[in-house]
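Some notes on the structure that comes next.
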Amino acid sequence: MNIFRLAGDMTHLMSIVVLLLKMHTIKSCAGISLKTQELYALVFITRYLDIFTDFVSLYNTVMKIFFLGTSISIVWYMRYHKVVKQSYDKDHDTFRHYFLILPCFLLALIINDEFTFREVLWTFSLYLEAVAIIPQLVLLQRTKNIDNLTGNYVFFLGAYRGLYILNWIYRYFTDSHYRRKGITWTSGIVQTLLYADFFYYYIRSWRRNERLNLPA
Amino acid sequence: TKVAAAKDEL
């Protein structure tokens, strides 16, 4: 494992820790999109179907369990926790997530490495992950006064994507068995580009020491 | 079992 991959995994982990911290200690999910969180839970469930059959490393298995467990519990917090669910901004989180799920599933049926149940769902999870952030970005644009934890959450998530691309580039040149298919490159890059606009405003507000506010 | 390259990532 190279440094980019490890740093990417750690920022991904950090983003989830930040989110759980917000919900568990502050008992708030203000500014967080339930749609995006449900999509991520679906991403992990469909991707890690191999968790009990294909062992890669203890690190991988532990991380998979972590991502599955946390993504499902975040959805639970937002839907059912007595206090947390009250801060959910339902009126602004209106993006229809099945508009993302259906095309991703159709694409996975058409473009995949192997037409098997697990392979199609694994490919589906890659496509869906690429676009799962969209409802969150839409909600951020509609939110006045984005709080620090929400801003940091999206920042860490974007950093994770950027670092994974560096990891792929690194592996492409150093690992002869490693050849990523064009479609996975594409979905990864699409996902990272989605954050570009957010990053611009995040860094600007940080440099000016201002509150993060996205233009409408 | 052998795991495809991209599948060793998260």
Side-chain angles (χ1 to χ4, degrees), chain A residues 1-2 4-6 8-13 16 43-44 47-57 59-68 71 112-114 118-119 122-123 125-126 129 160-161 163-165 167-168 170-172 174-185 187-188, chain B:
Chain A
M1 183 156 61
N2 62 66
F4 303 114
R5 156 86 199 277
L6 182 65
D9 285 349
M10 289 306 118
T11 45
H12 194 185
L13 196 133
I16 294 168
V43 163
F44 292 131
R47 183 174 305 167
Y48 298 154
L49 291 172
D50 63 353
I51 187 166
F52 295 116
T53 53
D54 295 333
F55 183 77
V56 178
S57 66
Y59 172 84
N60 264 47
T61 305
V62 169
M63 291 291 271
K64 284 175 178 176
I65 293 170
F66 176 84
F67 288 138
L68 278 169
S71 64
N112 54 60
D113 285 350
E114 205 185 340
R118 251 171 49 174
E119 195 61 28
W122 184 80
T123 314
S125 84
L126 285 186
E129 189 187 8
Y160 145 63
R161 293 313 311 173
L163 286 161
Y164 250 66
I165 288 195
N167 158 52
W168 298 341
Y170 180 86
R171 288 187 76 175
Y172 185 85
T174 56
D175 185 347
S176 57
H177 297 292
Y178 187 81
R179 284 289 182 272
R180 219 158 220 278
K181 293 267 161 53
I183 195 72
T184 36
W185 274 100
S187 57
Chain B
T1 39
K2 202 171 172 298
V3 181
K7 299 243 165 59
D8 65 5
E9 289 173 358
L10 298 161

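Reckoned from all heavy atoms, side chains included, excluding hydrogens, waters and symmetry mates. Per chain, numbering begins at 1; letters A, B, ... match sequence-line order.
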Between CZ of A:R5 and CG of B:D8, what distance do you get to the nearest 0.5 Å?
6.0 Å
List in chain and number order the residues that pass side chain to side chain donor-acceptor pair (under 3.5 Å) with A:S125, two or more places apart in sequence or in another chain; answer none if no residue qualifies.
A:R47
Which region of A:E119, side chain (C-beta onward) or backbone (N, CA, C, O), has a non-hydrogen atom less than 4.5 Å from a non-hydrogen atom of chain B, or is it both or neither?
side chain
Once rounded to the nearest 0.5 Å, what's the spacing between atom NZ of B:K7 and atom CG of A:D50?
7.5 Å
List in chain and number order the residues that pass side chain to side chain donor-acceptor pair (under 3.5 Å) with A:Y59, two or more places apart in sequence or in another chain; answer none if no residue qualifies.
A:D9
Evaluation steps, side chain to side chain contact (heavy atoms under 4.5 Å, CB included), between A:N60 and B:E9:
CA-CA 8 Å; A:N60 264 47; B:E9 289 173 358; over 6 Å; no
Distance col, row A:F66:CZ vs B:L10:CG, nearest 0.5 angstrom, shows 11.5 Å
